[in-house]
There are 2 protein chains.
Amino acid sequence: MSQENNDASLCIENQSCFSLYSAANAMVRSYRTALLDLDLTYPQYLAMMVLWAEDGISVKALGEKVHMDSGTTTPLLKRLEGKGLLERVRCKQDERSCLLQLTDEGKSLKSRAQEIPKSMACQSPLTQEESDQLKALCDKLRLKISA
Amino acid sequence: MSQENNDASLCIENQSCFSLYSAANAMVRSYRTALLDLDLTYPQYLAMMVLWAEDGISVKALGEKVHMDSGTTTPLLKRLEGKGLLERVRCKQDERSCLLQLTDEGKSLKSRAQEIPKSMACQSPLTQEESDQLKALCDKLRLKISA
DNA sequence: GTCATTTAGATTGCGCGCAATATAATTGTG
DNA sequence: CACAATTATATTGCGCGCAATCTAAATGAC
């Protein structure tokens with residue numbers, strides 16, 4: 001395919017990393033439409049999912065679950081607080097720690113969010129089997145390279 | 001695993017999209033070290049690979065190959081120009097179009113970059129087969145959802 | 001040729017993602 | 001108890017990623 005490049009190793013079309021990178025961007029892009037209704041970005045949606053599953057956890061615990069550091073979580077959580085979806089309160093036992101409490105509005109958003117996984121699964125071009133396979137490969141990759 | 005969430009659909013641990021997203025971020029992060037020596041970010045490295053394979057192409061053609069729009073490519077290419085790796089020249093036949101010409105420095109960077117795919121492949125936790133599988137799934141996903 | 005349409009690229013604005021650093025609270029050590 | 005080390009979060013700065021908008025050049029329709 002490539003005329004000027006005799007070795008294929010530096011060719012983006014051959015690199016699984018580039019495919020991974022592009023697919024992730026495309027995925028986030030396709031979530032945008034679905035999340036417009038909830039007024040959430042994809043990373044914000046991830047944070048909300050964590051809190052819907054486990055309200056009241058610390059910033060640190062949430063950061064570990066979504067694999068983000070405080071440079072990403074702090075401003076993101078401030079934006080969610082600004083939208084009135086949660087409150088950030090200092091932990092009494094450990095004043096360093098900051099606990100995240102969903103507001104009523106934040107909790108009520110969960111019911112509207114139930115549609116998101118359904119609609120995304122519907123428009124996914126992958127079968128359930130392929131999706132599971134993709135997940136397993138991505139998990140293996142992430143776990144090993146960030147170790 | 002989750003105590004407060006009786007349905008699994010809104011749980012990030014079950015979502016292949018979250019795995020894809022996290023794996024892509026981890027991958028870019030792991031490239032950072034390898035690319036430090038070349039003074040390139042991962043997206044800049046992608047652009048350079050395209051130009052190493054096909055010097056002189058337009059901004060539009062490059063954007064299509066790396067799947068980025070002008071809001072991303074324009075500042076990225078200006079940074080590469082600022083580093084002295086390429087020049088952006090208006091096309092004589094079509095003044096709207098902007099052609100990208102590698103400088104000698106930009107061309108010579110290719111030889112040093114040959115090490116990158118090798119070292120990344122070495123530290124990859126995936127077998128060649130798994131990597132191919134991941135690429136196929138990502139390509140299928142991206143092609144269909146951005147159609 | 002005139003004018004609407006299309007096209008290539010640039011600009012603006014916002015939200016990540018993350019390295020590096022700072023701050024303040026807590027814990028560990030002697 | 002003093003004080004070094006650790007820990008949780010916040011801040012700063014930079015480079016994407018992309019929607020929305022703008023400009024200017026080229027193309028198409030009549």
Side-chain angles (χ1 to χ4, degrees), chain A residues 18 21-33 35-36 38-48 57-83 88-100 142 145-146, chain B residues 18 21-33 35-36 38-48 57-83 88-100 142 145-146:
Chain A
F18 173 59
Y21 174 78
S22 302
N25 285 338
M27 181 274 293
V28 169
R29 219 180 300 135
S30 85
Y31 262 93
R32 210 181 309 273
T33 326
L35 290 172
L36 249 181
L38 303 182
D39 188 31
L40 292 176
T41 65
Y42 183 69
Q44 288 167 5
Y45 170 63
L46 292 178
M48 291 303 292
I57 64 171
S58 69
V59 169
K60 171 150 177 69
L62 181 134
E64 280 168 0
K65 282 184 185 278
V66 295
H67 311 310
M68 294 171 186
D69 79 349
S70 70
T72 303
T73 54
T74 297
L76 185 152
L77 292 167
K78 280 185 178 177
R79 270 173 227 120
L80 291 177
E81 187 177 38
K83 290 178 208 250
R88 302 179 309 138
V89 290
R90 285 287 159 183
C91 176
K92 292 279 181 276
Q93 285 74 33
D94 187 341
E95 289 280 344
R96 291 171 305 179
S97 186
C98 185
L99 303 183
L100 303 165
R142 183 187 58 75
I145 65 181
S146 53
Chain B
F18 173 59
Y21 175 78
S22 302
N25 285 338
M27 180 275 292
V28 169
R29 220 180 300 136
S30 85
Y31 261 93
R32 209 181 308 273
T33 326
L35 290 172
L36 248 181
L38 302 183
D39 187 31
L40 291 177
T41 65
Y42 183 69
Q44 287 168 6
Y45 171 62
L46 292 178
M48 291 304 291
I57 64 171
S58 68
V59 169
K60 169 146 179 72
L62 181 133
E64 280 168 359
K65 281 183 186 279
V66 296
H67 311 308
M68 294 171 184
D69 79 349
S70 71
T72 302
T73 54
T74 297
L76 185 152
L77 292 167
K78 280 186 177 175
R79 270 172 227 122
L80 291 178
E81 188 177 38
K83 291 179 208 250
R88 302 179 309 138
V89 290
R90 285 286 160 183
C91 176
K92 292 279 180 275
Q93 285 74 35
D94 187 341
E95 289 280 344
R96 290 172 306 178
S97 186
C98 185
L99 303 183
L100 303 165
R142 183 187 57 76
I145 64 181
S146 53

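The chains referred to below are lettered A, B, ... by the order of the sequence lines, with proteins before strands, and numbering in each begins at 1.
Of the two residues contacting DNA chain D, namely Ala26(A) and Glu95(B), the nearest-nucleotide position lying further toward the 5' end is that of Ala26(A).
For Arg29(B), the side chain to side chain contact (heavy atoms under 4.5 Å, CB included) partners two or more places apart in sequence, or in a different chain, are Ser146(A), Asn25(B), Ala26(B), Arg32(B). The side chain to side chain contact (heavy atoms under 4.5 Å, CB included) search around Thr72(A) returns Met68(A), Asp69(A), not counting sequence neighbours. Evaluation of the side chain to side chain contact (heavy atoms under 4.5 Å, CB included) rule for Glu81(A) yields Leu86(A), Arg88(A) as partners, not counting sequence neighbours. Listed by chain and number, the residues in a ring pair (Phe, Tyr, Trp, His ring centres under 6.0 Å) with Tyr31(B) are Tyr42(B), Tyr45(B) (sequence neighbours excluded). By the side chain to side chain contact (heavy atoms under 4.5 Å, CB included) test, Ser58(B) is found to be paired with Lys60(B), Ala61(B), Ser97(B), Leu99(B), residues two or more places apart in sequence or in another chain being considered.
For the pair Arg29(B) CZ and dA20(C) C1', the computed distance is 15 Å after rounding to whole Å. The nearest whole Å value for the distance from the CG atom in Leu36(B) to the P atom in dC18(C) is 15 Å. Distance Asp69(A) CG to dA19(C) C1': 8 Å, rounded to the nearest Å.
Residue Asp94(A) is in sugar-phosphate contact alone, with no base atom involved, counting any heavy-atom pair closer than 4.0 Å across all strands shown. As judged by a 4.0 angstrom heavy-atom cut-off over every strand, Gln93(A) is placed among residues touching the sugar-phosphate backbone only.
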At under 4.0 Å between heavy atoms, which parts of nucleotides 9-16 of chain D does protein reach? Answer with one letter per nucleotide, 5' to 3': B base, S sugar-phosphate only, - none. SBB---SS

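The closest donor-acceptor contact from the side chain of Thr74(B) to the backbone of Gly71(B) lies at 3.5 Å or more, if one exists at all.
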